[in-house]
Amino acid sequence: MTLSASITRSPVRQIVRRSRGSSHGPITRLMSPSDFGRLLKPFVFLDLFDNNGVPFEGFGLHPHSGIATLTYLAEGSVKYEDTNGATGLLSAGGVEWMQAGGGVWHGGGAGEPGRTRGFQLWIALPPKLELGPSVSLYQGPEAIQHDGPASVLLGSYGSATSPIEAPSPINYLAVRLKAGERWRYQPPTGHTVLWVAVGAGAVTVPDELRHGDLAAFEPSNDAVEFAAQSDAEFVVGSAVPHDHDLVLGYLAVHTSADALREAAARISAIQARLFQAGRL
């Protein structure tokens, strides 16, 4: 008599698109609204930055509107300032949250000497927030909650929750695994948008992804399991889809041309005040 057994396997969520972006100095742009941002909105820009220990000047004050930026430092430090009156030094493991709303100017530069690396993510805001007030929040590493190997930068995962109020249903996690370790991410119900970007090392999902890779997964609510091929660091984003157009301006993303025009007028008014104060 022949015995047979049926094995039930979890669905393997497929990668539908991947990229290594384009590099300019210490910054590699992995995602923009003209490519992955259309597929993964509300996530619209993603930059991987790494100065490899070479000093860099950073960025002077510049405007944003209609988006929120979340900067995560995996190593090193950066200085920051914004037109909400905040200045300071952000250290490794910390987060800068800048919800631009209808317009804000901010900037950053080199912190302490040495290597600085991490990710900057831009998120499109929904209509109710895209012309609202700007909100800035700077969190040191002690303020970031963790669940296992995952640091919760935005949203909630397991027992950990970010104190930042997300503009829409979004999770954004930074994960560190040792070689041979595995980690499974089950997105919340409705988070059919899912992507991963690798900042160090290599993982399989089951396709192999290495340092500098961005991968977008098929729309689904299925989980993804990551297996570290070496010591690895990566960020994972999941969200309910952003069902709005992406209307682009200079460092701005809005849902309509009217909203973009209104925000541009606010940004110009802030610029005039900065000129009068001698800051530009």
Side-chain angles (χ1 to χ4, degrees), residues 17-82 90-100 104-111 115-125 136 138-139 151 153-154 164 167 170 172-175 193 195-201 209-216 233-239 242 246 248-253:
R17 193 171 175 183
R18 57 193 293 171
S19 172
R20 294 188 61 80
S22 58
S23 297
H24 302 279
I27 297 174
T28 300
R29 175 141 294 173
L30 296 174
M31 181 193 313
S32 66
S34 61
D35 47 58
F36 277 76
R38 299 285 178 186
L39 178 66
L40 296 174
K41 60 183 183 179
F43 306 105
V44 289
F45 283 98
L46 181 68
D47 291 339
L48 170 64
F49 56 88
D50 187 346
N51 73 338
N52 285 302
V54 178
F56 68 102
E57 293 184 0
F59 303 95
L61 285 170
H62 56 280
H64 289 298
S65 67
I67 53 95
T69 62
L70 194 153
T71 304
Y72 165 70
L73 280 183
E75 183 177 349
S77 63
V78 293
K79 295 177 181 176
Y80 62 81
E81 63 173 327
D82 64 50
L90 189 69
S91 58
V95 164
E96 174 197 12
W97 172 256
M98 173 56 70
Q99 186 169 306
V104 71
W105 288 63
H106 76 155
R115 188 178 186 185
T116 297
R117 61 185 181 87
F119 288 93
Q120 184 173 71
L121 174 68
W122 296 26
I123 298 166
L125 296 176
S136 55
Y138 302 89
Q139 297 179 300
S151 300
L153 309 181
L154 193 63
I164 300 170
I170 292 171
Y172 183 44
L173 314 175
V175 183
V193 173
W195 57 270
V196 60
V198 182
L209 299 172
R210 306 190 68 82
H211 167 252
D213 282 336
L214 167 70
E233 300 175 19
F234 53 95
V235 289
V236 175
S238 70
H242 178 79
L246 300 180
L248 309 181
Y250 175 65
L251 301 178
V253 179

Sequence neighbours excluded, which residues qualify as side-chain contact (heavy atoms from CB on, under 4.5 Å) partners of [X]?
X      : value
Ser77  : Leu89, Glu112
Ala74  : Tyr72, Arg117, Arg176, Glu233
Ala197 : Leu30, Leu46, Phe119, Trp195, Leu214, Val235
Ser32  : Arg29, Ser34, Asp35, Phe45

Determine the minimum heavy-atom distance between [X] and [Y], stating which atoms define it.
X      : Y      : result
Leu48  : Gly212 : CD2-CA, 4.0 Å
Val193 : Leu40  : CG1-O, 3.5 Å
Ala100 : Gly66  : CB-N, 4.4 Å
Ala124 : Leu246 : CB-CD2, 4.1 Å
Gly21  : Ser19  : N-OG, 2.8 Å

Rounded to the nearest 0.5 Å, what separates atom [atom1] in [X] from atom [atom2] in [Y]?
X      : Y      : atom1 : atom2 : result
Lys79  : Leu90  : NZ    : CG    : 13.5 Å
Leu153 : Leu173 : CG    : CG    : 7.0 Å
Leu70  : Ile164 : CG    : CD1   : 5.0 Å
Phe36  : Phe43  : CZ    : CZ    : 14.0 Å
Glu81  : Leu61  : CD    : CG    : 4.0 Å
Gln99  : Ile123 : CD    : CD1   : 9.0 Å

Examine distances only and state if a side-chain atom of [X] and a backbone atom of [Y] form a donor-acceptor pair shorter than 3.5 Å.
X     : Y      : value
His64 : Val104 : no
Asn51 : Pro26  : no
His62 : Gly60  : yes

Taking only residues two or more places apart in sequence, or in another chain, which ones meet [X] in a side-chain hydrogen bond (donor to acceptor under 3.5 Å, both in side chains)?
X      : value
Trp122 : Gln120
Ser136 : Asp82, Asn84
Arg115 : Asp50
Arg38  : none

Where do Val78 and Glu96 land on the side-chain contact (heavy atoms from CB on, under 4.5 Å) test, with the steps shown first? CA-CA 10 Å; Val78 293; Glu96 174 197 12; over 6 Å; no
Counterpart residues, ring pair (Phe, Tyr, Trp, His ring centres under 6.0 Å), relative to [X] (two or more places apart):
X      : answer
His211 : none
Phe234 : Phe226
Tyr80  : Tyr138

I'd like to know whether Lys41 forms a side-chain contact (heavy atoms from CB on, under 4.5 Å) with Val253, so could you lay out the CA-CA distance, the side-chain angles of the two residues, the decisive distance to 0.1 Å, and finally the verdict. CA-CA 11 Å; Lys41 60 183 183 179; Val253 179; over 6 Å; no
If the condition is salt bridge (Lys or Arg N to Asp or Glu O under 4.0 Å), which residues does Asp213 pass it with, not counting sequence neighbours?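 Per chain and number, Asp213 pairs via salt bridge (Lys or Arg N to Asp or Glu O under 4.0 Å) with Arg18, Arg20.
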Are any non-hydrogen side-chain atoms of Trp97 and Gln139 less than 4.5 angstrom apart?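 Side-chain contact under 4.5 Å: no.
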